[in-house]
Each structure stands twice: as structure tokens, then as C-alpha cells.
Amino acid sequence: MHLYRTHTCNQLRATDAGATVKLSGWIFRMRDHGGILFIDLRDHYGLTQVVVHPSRPFFDTLSKARLETVVTVVGEVTLREPATVNPDIATGEVELVANECLVEAASEQTPLYLPGDEDGAEDLRLKYRFLDLRRGRIHNNILLRSKIISFLRKAMEAHGFNEYQTPILTCSSPEGARDYLVPSRVHHGKFYALPQAPQLFKQLLMVAGFDRYFQIAPCFRDEDARADRSPGEFYQLDMEMSFVTQDDVFAVVEDVVSKTFAAFSKKTVDPTPWIRIPYRESMLKYGSDKPDLRIPIEMFDCSELFKASGFNAFAAAVKAGAVVRALPVKGIKDKPRSFFDKLVEHAKSLGSKGLAYLVWDGDAVKGPIQKFLTPDELATLAQMGGAQDGDVLFFVCDAADKAAKIGGDLRVKLGRDLELINKDVFRFCWIVDFPMFEKDPETGAVIFSHNPFSMPQGGMEALCGKDPLDILAFQYDVVCNGIELSSGAIRNHLPEIMYKAFEIAGYGPEVVEEKFSCLLNAFKYGAPPHGGIAPGVDRMVMLLAGEDNIREVIAFPMNQKAQDLMMNAPSEVTEKQLRELHIKIRGRDLHLATTGDLPIAHQP
RNA sequence: GGGGUGGUGGCGCAAUUGGUUAGCGCACCGGACUGUCGAUCCGGUGGUCGCGGGUUCGAAUCCCGUCCACCCCGCCA
């Protein structure tokens, strides 16, 4: 018989009755009846009830053992009486009557109570992550993550992609987020950087002729956390393809992602092809470039109507360049006054000067601004917003970008507060036609709005002939239920277009050559037209696990301040290590005084 | 860097809004119990109410400061 087990804790069935078997696992729960002891033995696979009779020599030891003690039990698989079958567990028809028992490893009282459904404080869960991970929900999340990643790899390979690895120690990039830096011992004063994404490497793999690349790629960005953004590192299903159009990239992603979502969730997944929403339309209708399509509210512009109206507050603002955006909401005329007042307050907290609204009540239209509008204007608004008896139109008036943002926030808040969000669906869309350039709101200069390496739609002709602010890029996002899953682009693979694009953004050729010499150099030797995308693995798992926080699908996440409370990272290092790396910590004494840590050797 | 919410035995929470000895559930310890499966029953240990000041006859509660955690904004090509 094996030293530890002949079966797992999820294996025994009625057909095994009579067999002598060995199980190993943790004591999950115990029910001590004095004359008989029941133990729920747990391992990765499941639970099995172990029965211990008082005649056994190990009865006292086990009845005093703490929960989470690891034991090995030999016994006979026994059918349970019909009345005592437990239908809630897979092994519930049988139980293991213990004949021998060995305590493999005792447990102290755990700082987290594992059988309960209470979470415990976040920092405690992170400090004792190895215990937290024993709990069913999160244990299954991590297992789900493993299965999803395996599924993604197979799906990508089925599309003819091969997985290639790229460096973790690379160089700092001038674009994008803050880098994590790694000092060089050999090269005084120089640093490696951890890659924010394998962007350059995957493009170079295309130049190298590999045609179809993918990688479950670790990405490192020194940015602050959010509920859907773990600090430090995250994973992308990174991919790049040669000789493709935007539609080719979409076809691969739609197939791989929708199959993955269908395979790992019972929720309804949008059929492919997913709808494509131009960026500007998305900002107008949803006030966001990551719209939650589950919310049945679509904004519309009514600036012109208000400009010509007798509502002077709006009319004057529109004449001064503002816009008016309306949010139509169905059937809420009977909401109490406090509902509307709170929403107005919420709008103000977002920076809006106020929030106007009209209520369609029977044949009448009511609301604070009704008296400023003519019956014709009200009728036009009703038609524009499809307003009928019971419906309400909210109006935000502000500069276009601010109005979009405030309206978008209100749209999501209304969707949540009014419970308009269908929890049983995954709604996907593509956001396409991102602008190539935008105006810096402070300086007024033309700058890249997203990725400077995207191919401008219309190519060189567009760059030379069009107003830069009207040029669109072959750049796209995948959005699912209001969460940005992925961002990608058809790349600019032509040096002359790259020079021209950077020129428009105010950079001379010497800047391009200095900052992006590697890519530029590679493109001088015949680069294939190529493009790609990189869906976020953590976010996909989060959606599929039904979790609202990304830490719940990461085995060992850091906290909001990018600390690993279990490993105590980041940590101080010795003076010797710093000297080897030619590094001197600035303001160290001040730092030590505030943290209360003991000072280590000072520099001479 | 800014805003919000919170911090009370090991864990999750309460304390009637300033008033008796700070309670409850789980865990833990002791006892009872041969069919439970979140076992049950009886008894018990455990708290500087995050920390430091202040107001008051009296502070978990009010004020000021500070630390920590989470959520959001900024940031994330």
C-alpha cells in the first residue's frame, strides 16, 4: 500500500464499499459525539467523512487534534445508512471507518477560520495566503485559472500560433507606464527594466518571420491598483500575426475568447462577430471607451435643441462651446424625490454644475426645467429619447469630454442602482477607430492619443493630407461587461510613416532614431505588415470566476500598495548589495525615522 | 498626490448616538453525548475599543492629529 494514499478524498463511491483504502488530507471539520467521532477529511480533490470509533487507540489523539492537522487514515470503505447519506458531497454515499491513523503534521490554531464563509480581513488573508488558498472558493478560482490558461494555449495552437518566450530583463521604454527597474551590477549606473508587455519583442518576432506568435506573457507596470488591476504584475494572452488586416485579428480573438467564455461559464455569451463601436460613438452613447452593454441606456446629444431654447443656463453654455447629453431611463417616474435629489448630488460630486431632468407623466411633462421649454421642444426631446409615460430624461451640460465622463458615470450608477444589469450575460464589443492624435488639454499641442506605433488609417496619405485630429488609427479594444479586456493594433511597419507620425506629434527624426532605434532599425530590413492584441488573462479569469476583485484569481497577489504581505516584499537590502549595484539610497535617515526601522550600516 | 468607507478578544460583527462590569456568533479550552455532516447541550479563557493628544463628572461613541486596510480619482502608450 502506498505510503500516503490509495485514493483521493473525492474518489470513493458506493461501489468501493468493503475495500480497505488509505487517505491523506487535512482535518477540515470535526464532529465529536464522545462515543463516535466524525472527521471531514479534505484534500485538493474533495471531502470524505472519516468515522472514528472510541475503541481505536488513536481516538483520543484525533478528538483533541486541531483543525487543519494533516493525517493519514487507513480504513474500510463502508456504505452509509440511507438516512445518513450526505448528498452535498461526491463521496456522501460512503464513509471511511478508520482502523489506523497517523498524524503527519499538526496545525496550530489558524488565523483564518477555513470552513466558514467569512472572508477575514484582506491583509490577514494576504499574509496567510497559503491558508486562504485552502478555502474552496479561491482554491477553485486558481484551479479555474490553470484550466483557462491551458484552454487558451490549445485554442491558440489550433489557430496556428506557436508560443515563444521573450526576455524578462530588458530596457526601460520611453512610452507608457512607470517601469520596474533592476540595477546592473556590471554596468555602473545602468538599469534593466521589466517589460510592461513584450510589445517590441513580439513585433521583432514578426520581422524575424515567425508569422504567428503568442505567449501567456507576464507584464510589469509600476502603477497604482484598482479592483480590476493588480499592482506589479499581470498576465496577457499576448499575440501577434503577420500579413493580416484588423478583421483577421478580430476573427482569431472572437473565436478564442468566445469559446473560452462558453467553455467556462454558463452565462450567455454574445454570438460572433461582436458589434464594433467607433470610439467617438462610444463616447457619445456610453460616455466611456469601455461601455457596459448590459445597461439599457444610450445617451444622445441634444445640444442644438437647447442652444435655441429658452433655458438660458444651457443655451449660453452651448453657445460657449459646451454640449448637452441626455440619458433616457425607462419607467422611473414614480421614484421618490429623494432619488432624483441624490442623483443630482452625485452628478455634482463628479464635477457637474447640476443635473437637469424631465419626467413624462401621463400627458404631462414635469421636472425642474420643464417651464423653460416649449411643447414643441418637449415633443422633440421625447421623440429623440423615445420617452413615453413613466420615462425620464436626464441632461448633463458641460464641455464634451467632461459631459461624456459625467454621463457615463451616471449611466453606470443608474444601471446598478435600478438593477438594470443582467447578471447572466457576457456582452462583448470592439471599440474601433481610436483617434491617432489628440490635443494636449494643457498645452494645446498635438500628441499621440494612444499607441504611437499603430498604423494610421489611410497611411502616409492621411498623415500628409488630413487634419491630424481627424486621423484614425487601426487600434482597437475588446470590452466585456464594462471591463477593458484587451487592447491591440495593426502596427506601423514602415519607417517613413513612423517618422511622419512622430513629426506631427512634435518629434524630429533624431528623437525617433534615438528612442526607438531597435524597432526602426529592424523595419529597415523588410518588415511584414503585422498586428496583434493582448487580452488580459487575469481579467478573463475574474469575469469567468464571477469575482469582483482581481486578487481573488491570483494565487499570491500584492496589496493595494504593491506589497507582498506574506513574503514581506519589497524589503530593504544590505549595504553590501547596494554597493555592488552602485546604489545609494537618498533620504535614508528620514525614511528610517518615519518607518521606525533600525538603520543598517551607513555609507562612509 | 486627492476623495470616500472602515479599524472593537484569533475571526466576523454589535453597543439604543456621551452614561452600569463593552455584548453576540464562530474559533479556542474543559465537561456531557454512538450517527453527525455549519452536530448538539453545559461551563470557561480571552479586549489598553488602531495609536497619540484634547473636551467632559463620565468617551468605543465628540474634537484634533496620526497610522493601517479597502474602494474610487489621478496614473495605467
Side-chain angles (χ1 to χ4, degrees), chain A residues 28-42 47-55 59 63-64 66-68 78 80-89 91-92 95 97 107-128 131-132 173-179 196-197 199-200 219-232 234 290 346 349-351 405 409 412-413 434 436-438 447-454 473 475 477 484 487-489 491 505 515-516 534 536 548-549 551 559-561 563 565 594-596:
Chain A
F28 185 53
R29 274 187 295 249
M30 238 189 313
R31 294 170 293 281
D32 186 350
H33 288 239
I36 191 165
L37 177 64
F38 298 99
I39 291 173
D40 290 339
L41 195 67
R42 183 200 73 237
L47 287 175
T48 301
Q49 174 162 281
V50 174
V51 183
V52 185
H53 289 291
S55 57
F59 181 87
S63 67
K64 287 188 174 66
R66 285 211 165 90
L67 299 182
E68 295 306 308
T78 310
R80 296 199 198 185
E81 294 292 323
T84 64
V85 164
N86 183 353
D88 296 333
I89 58 175
T91 61
E95 58 198 5
V97 179
S107 173
E108 295 183 8
Q109 182 181 353
T110 53
L112 300 170
Y113 180 58
L114 305 191
D117 45 16
E118 290 152 352
D119 274 350
E122 194 74 34
D123 50 345
L124 210 66
R125 292 182 59 202
L126 292 176
K127 182 174 180 184
Y128 294 98
L131 294 179
D132 195 32
S173 61
E175 294 288 325
R178 274 186 295 272
D179 285 314
Q196 294 182 23
Q199 183 64 36
L200 287 180
C219 304
F220 306 88
R221 294 178 194 173
D222 185 2
E223 290 301 328
D224 290 332
R226 287 289 183 279
D228 64 354
R229 199 167 78 205
S230 187
F234 61 98
K290 43 180 183 175
H346 182 77
S349 76
L350 297 171
K405 193 169 175 165
D409 189 293
V412 172
K413 182 175 171 58
F434 280 85
M436 187 83 192
F437 302 99
E438 64 186 33
I447 56 171
F448 286 114
S449 67
H450 292 89
N451 186 336
F453 304 110
S454 300
Q475 166 128 17
D477 282 1
E484 184 191 318
S487 203
R491 320 296 172 187
K515 301 272 190 189
F516 310 106
D548 290 328
N549 192 298
R551 284 187 299 271
N559 69 3
Q560 193 176 35
K561 288 192 176 164
Q563 296 166 302
L565 298 176
T594 55
T595 61

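Computed from a predicted structure; not experimentally measured. Below, read A as the first sequence line, B as the second, and so on, with proteins coming before strands; counting in each chain starts at 1.
Between A/Gln560 and B/C70, a side-chain N or O to OP1/OP2 separation shorter than 4.0 Å is present. Phosphate contact (OP1/OP2 of B/C71, side-chain N/O of A/Arg551, threshold under 4.0 Å): present. In this model, the phosphate group of B/C71 is approached by a side-chain N or O of A/Asn549 to a distance below 4.0 Å at OP1 or OP2. Checking the phosphate oxygens (OP1, OP2) of B/A39, a side-chain nitrogen or oxygen of A/Arg31 falls inside 4.0 Å. A close approach under 4.0 Å does not occur between any side-chain nitrogen or oxygen of A/Arg125 and OP1 or OP2 of B/C11. Contact annotation: A/Asn559 reaches the phosphate of B/A69 (side-chain N/O to OP1 or OP2, under 4.0 Å).
The side chain of A/Ala227 approaches B/C71 more closely than any other nucleotide in the set B/G35, B/C71, B/C76. Comparing atom distances between the A/Lys561 side chain and each of B/C37, B/C68, B/A27 picks out B/C68 as nearest. Comparing B/C29, B/C37, B/C76 against the side chain of A/Gln49 picks out B/C37 as the nearest. When each of B/C76, B/G74, B/C28 is scored by its nearest atom to the side-chain atoms of A/Leu67, the top-ranked nucleotide is B/C28. Listed candidates were B/C37, B/C70, B/U34. Nearest to the side chain of A/Thr84 is B/C37. Distance from the side chain of A/His33 is smallest for B/C33 among the nucleotides B/C33, B/C76, B/C70.
Counting only N and O atoms by type, the side chains of A/Thr110 and A/Glu68 include no donor and acceptor under 3.5 Å apart.
Within the nucleic acid shown, A/Leu124 comes within 4.0 Å of sugar-phosphate atoms alone, with no base atom in reach, counting heavy atoms only. Looking at heavy-atom distances under 4.0 Å, A/Lys405 makes contact with sugar-phosphate atoms alone, never a base. Nucleic acid contact for A/Glu108: none, since no nucleic acid atom lies under 4.0 Å from a heavy atom of the residue.
Nucleotides B/C11 and B/C28 are separated by 15 Å at their P atoms, to the nearest Å. For the C1' atoms, the distance linking B/U48 with B/G3 amounts to 32 Å, nearest Å. Comparing the C1' positions of B/U34 and B/A39 gives a spacing of 13 Å, expressed to the nearest Å.
Atom CZ of A/Arg66 and atom C1' of B/A27 are 10 Å apart (whole Å). Taking atom CG of A/Asp222 as the reference point, atom C1' of B/G1 lies 15 Å away to the nearest angstrom. In this structure, A/Lys290 atom NZ and B/C76 atom P are separated by 13 Å, rounded to whole Å. In this structure, A/Arg29 atom CZ and B/U40 atom P are separated by 12 Å, rounded to whole Å. Taking atom CG of residue A/Asp32 and atom P of nucleotide B/C42, one finds them 17 Å apart after rounding to whole Å. Note: CG (A/Asp477) to C1' (B/C76) measures 12 Å, nearest angstrom. In this entry the distance linking CD of A/Gln563 with C1' of B/C70 reads 13 Å, nearest Å.
Residue ring and nucleobase are not stacked for A/Tyr113 and B/C11 under a centre distance beneath 5.5 angstrom and an angle between planes beneath 30°.
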Only distances under 3.5 Å count here; give the side-chain donor-acceptor pairs of residues 221-228 of chain A to other protein atoms, sequence neighbours excluded, each with its distance to 0.1 Å.
{"residue": "A/Arg221", "atom": "NE", "partner": "A/Gln196", "partner atom": "O", "Å": "3.1"}
{"residue": "A/Arg221", "atom": "NH2", "partner": "A/Gln196", "partner atom": "O", "Å": "3.3"}
{"residue": "A/Glu223", "atom": "OE2", "partner": "A/Arg178", "partner atom": "N", "Å": "3.1"}

Point to revise | Base-pair map of RNA chain B as dot-bracket, where | denotes pairing with a different strand and pairs are Watson-Crick or G-U under 3.5 Å | key: (((((((..((((.....[...)))).(((((.......))))).....(((((..]....))))))))))))....
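Below the 3.5 angstrom threshold, one finds no donor paired with an acceptor across the side chain of A/Glu223 and the base of B/G74. For A/Arg80 against B/C37, a side-chain N or O and a base N or O form a donor-acceptor pair under 3.5 Å. A donor and an acceptor atom sit less than 3.5 Å apart, one in the side chain of A/Arg229 and one in the base of B/C75.
Its glycosidic angle being within 90° of 0, B/U17 falls on the syn side.
Side-chain contact between A/Ser487 and A/Gln475 is present, with heavy atoms from C-beta onward closer than 4.5 Å.
Checked by atom type and distance alone, the side chain of A/Asp132 never pairs as donor or acceptor with a backbone atom of A/Leu126 at under 3.5 Å.
Residues that satisfy the side chain to side chain contact (heavy atoms under 4.5 Å, CB included) test with A/Arg31, not counting sequence neighbours, are A/Arg29, A/His33, A/Phe38, A/Asp40, A/Gln49.
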